[in-house]
Amino acid sequence: MRYWLFKSEPDAWSWDQQVARGDAGEEWHGVRNYQARNNMRAMELGDRGFFYHSNIGKEIVGIVEVCALAHPDSTTEDARWECVDIRAVKPLKTPVTLEMCKTDPRLADMVLVNNMRLSVQPVTEDEFRVVCELGGVAP
DNA sequence: GCCAACGTTGGC
DNA sequence: GCCAACGTTGGC
């Protein structure tokens, strides 16, 4: 199992909206970046990820799960762009802010801290555990 | 709202 | 295939 982080501006698509989709999940469409797309292509069913609110909040708010493998992005005719579906698993008890990630030495290598602009990122197992700990939930 | 960083596009 | 121009992201 691998771990990931999905970024979304809550104005466009928020954690609450994601939760409202329930187990059916939602297509993570709109990614137009090769690195982010390649990350989604590498995902497997059941992989876990964090849901991060950019701009507003700047914090990791919940845990999601990949529930459909990469498939063509329904929002474009351009065959280059693919995306997975994800569904909400559970919220963090305490959101983990970007500030906290920057401060915690165990998270110094997180892509979130070092490559701000990548919208779908890999997260290591260790980082996943640390963020869960900071967020007050079991991994 | 600004602007730095960075990815993509397109002319040559 | 290079690189300048442009657009977008996202923290501040």
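Per chain, numbering begins at 1; letters A, B, ... match sequence-line order.
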- prompt: Whole-Å distance between B:dG7 P and A:R32 CZ?
  reply: 17 Å
query: What's the CH2-P distance between A:W13 and C:dG10, to the nearest Å?
result: 18 Å
- prompt: What class does the angle between the rings of A:F51 and A:W28 fall in, given that below 30° is parallel, 30 to 60° is tilted and above 60° is perpendicular?
  reply: perpendicular
field: Nearest-Å distance for atom pair CD/P, residues A:Q121 and C:dG10
entry: 9 Å
query: Roughly, in whole Å, what's the span from CZ in A:F6 to P in C:dG10?
result: 14 Å
- request: Using a strict 4.0 Å threshold on nitrogen-to-oxygen distance, state whether A:R129 and A:E133 make a salt bridge.
  value: no
query: C:dG10 C1' sits how many Å from A:L5 CG, rounded?
result: 14 Å
- prompt: Between A:F50 and A:F128, is a ring-ring contact (aromatic ring centres under 6.0 Å, His included) present by the stated rule, with each step listed?
  reply: CA-CA 8 Å; A:F50 291 123; A:F128 190 82; 4.6 Å; yes
query: Nearest-Å distance, CD1 (A:I56) to P (B:dG1)?
result: 13 Å
statement: Of the candidates B:dA5, B:dT9, C:dC12, the side chain of A:Y34 sits closest to B:dT9
query: Given C:dC12, C:dG10, B:dT9, which nucleotide is nearest the side-chain atoms of A:K102?
result: C:dC12
message: Measure CG/A:N115 against C1'/B:dC6 and give the value in whole Å, please.
response: 9 Å
query: Stepwise, does the side chain to side chain contact (heavy atoms under 4.5 Å, CB included) test hold for A:I63 with A:V137?
result: CA-CA 10 Å; A:I63 294 173; A:V137 296; 4.1 Å; yes
query: In terms of side-chain heavy atoms of A:N55, which of B:dG7, C:dG11, B:dT9 is nearest?
result: C:dG11
- request: Grab the CG-C1' distance between A:D11 and C:dT9 for me, whole Å please.
  value: 14 Å
- prompt: Which nucleotide sits closest to the side chain of A:Y52: B:dT9, C:dG11, C:dG10?
  reply: C:dG11
